[in-house]
There are 2 protein chains.
Amino acid sequence: MPLPQTEAPGRLVAELLSRGVRMTRQRRTILSVIETASQHLDAAQILRRARKLDPGIDRVTVYRTIRLLKRHGLVDELDLLHLEGEKHYYERHPQRDHLHMACVRCGKILEFESDLFERLKGQIQRDCQFHILVTRVEIGGYCAKCRGNSTDLRSV
Amino acid sequence: MPLPQTEAPGRLVAELLSRGVRMTRQRRTILSVIETASQHLDAAQILRRARKLDPGIDRVTVYRTIRLLKRHGLVDELDLLHLEGEKHYYERHPQRDHLHMACVRCGKILEFESDLFERLKGQIQRDCQFHILVTRVEIGGYCAKCRGNSTDLRSV
DNA sequence: GCGTAATTGCAACGCTGTTGCAACTTCTGA
DNA sequence: TCAGAAGTTGCAACAGCGTTGCAATTACGC
């Protein structure tokens, strides 16, 4: 029987501890929020959820924790084409890169993995002598449901 | 003898006029700044250059013009992985999509076109039934010069 | 040219994210 | 087990990017 796709909870905590980062109550809370999220969360949403678990947590602590995770390459930052304002969204850095498709009409976010993209990265590393650390692919358009329905001009 | 790669100047003006958009002195100035830029400019840089040509131009007009161009799909917005703050950069929407590679050490931006990427887009449209309007690919890492030089941890 | 509708500049605002600092907490080492 | 150094937190204030309301001005079809 195959194991579920989800990774062990607490992996962010373990990862940071193994790198000698101090673990506080607030950090554990914020990390668990990020880790158990089923969708892409922005800083305000992370704060709101963290406060349900520990009401004293401050905005600033959330921002500092996100920065910490970014510096350690444990989360990726997305803006999903700024379909709703200037916020940034965060997700666990995945085992394997994926692309994000955002429907400019209904706002739905789709994710997509592709061998072609892996080959493209290989081509870049070879042809440009560029050592890739992070990738971010955001594609805007109409999802299957919304295509054909309208010629809505939403700012992308 | 092949023509140079650059497109006819004034094409943004022509494009907007053909869509029934009013053309003001300020807009012409801002459009010419964007059109003749050899690098990716942020809003503040666009404003500074526009003011050299027409000192009265206001910040707000620059933002409104950028929004107009985005709505018409005539410019693409990039953030180049926020290597320097939260600004956005703008470039003419190209004939053919290209990827942006940002060196996290020296900040250099490379552009790259690839048939593989065109095939990837085809795959997405087919497999996901997703109608692509814009793409945005930003890749962070070390450029040829900087790779091997350091293990600098810059926030990406 | 006239008139209307769009655009501009100004001021004020909102939101996301950052910084300085005193109080507090974590964690090492004895 | 506990003392001390180093790191972290919360608060308040700030910075920067981008937006909005509004009166004055401008473009452009008729």
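Residue numbers begin at 1 in each chain, while the letters A, B, ... track the order of the sequences.
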message: For a quick check of understanding: with a heavy-atom distance under 4.0 Å over all strands, which category does Arg64(A) fall into, base, sugar-phosphate or nothing?
response: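 Base: the residue Arg64(A), judged by heavy atoms under 4.0 Å, touches a nucleobase.
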query: Looking for any heavy atom pair under 4.0 Å, which part of the strands does Ala44(A) touch: base, sugar-phosphate only, or nothing?
result: nothing
Between [N] and [X], is there an OP1 or OP2 to side-chain N/O distance shorter than 4.0 Å?
X	N	result
Thr24(B)	dT7(C)	no
Tyr63(A)	dT18(C)	no
Arg67(B)	dT7(C)	no

Rounded to the nearest Å, what distance is computed from the [atom1] atom of residue [X] to the [atom2] atom of nucleotide [N]?
X	N	atom1	atom2	answer
Leu16(A)	dT26(C)	CG	P	16 Å
Glu86(A)	dG18(D)	CD	C1'	7 Å
Leu68(A)	dG17(C)	CG	P	16 Å
Asp58(A)	dT25(C)	CG	P	15 Å
Met23(A)	dT28(C)	CE	P	12 Å
Lys70(A)	dG17(C)	NZ	P	8 Å
Arg19(A)	dG7(D)	CZ	C1'	18 Å
Gln26(A)	dT26(C)	CD	P	8 Å

query: Hey, which of these two, Val60(A) or Thr65(A), hits DNA chain D nearer its 5' end, going by closest nucleotide?
result: Thr65(A)
- line: Comparing Arg22(A) with His88(B), nearest DNA chain D nucleotide closer to 5' gives the residue Arg22(A)
field: Residue closer to the 5' end of DNA chain C, Gly56(B) versus Arg59(B) (nearest nucleotide)
entry: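 Its nucleotide being nearer the 5' end, the pick is Gly56(B).
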message: If you assign each of Ile57(B) and Lys87(A) to its closest nucleotide in DNA chain C, which residue comes earlier from the 5' end?
response: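 On the 5' side of the pair lies Ile57(B).
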query: Under 3.5 Å, is there a donor-acceptor pair between the side chain of Thr61(A) and the main chain of Ile57(A)?
result: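 Not a single qualifying donor-acceptor pair exists.
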task: Please work out whether the ring planes of His131(B) and Tyr142(A) are parallel, tilted or perpendicular, with thresholds of 30° and 60°.
output: parallel
message: Here's a test for you: under salt bridge (Lys or Arg N to Asp or Glu O under 4.0 Å), which of Asp79(B), Asp97(B), Asp76(B) qualifies with Arg136(B)?
response: Asp79(B)
message: Under 4.0 Å between a side-chain nitrogen and a carboxylate oxygen: does that hold for Arg96(A) and Asp115(A)?
response: yes
- prompt: Between Arg11(A) and Glu35(A), is there a side-chain N and carboxylate O pair less than 4.0 Å apart?
  reply: no
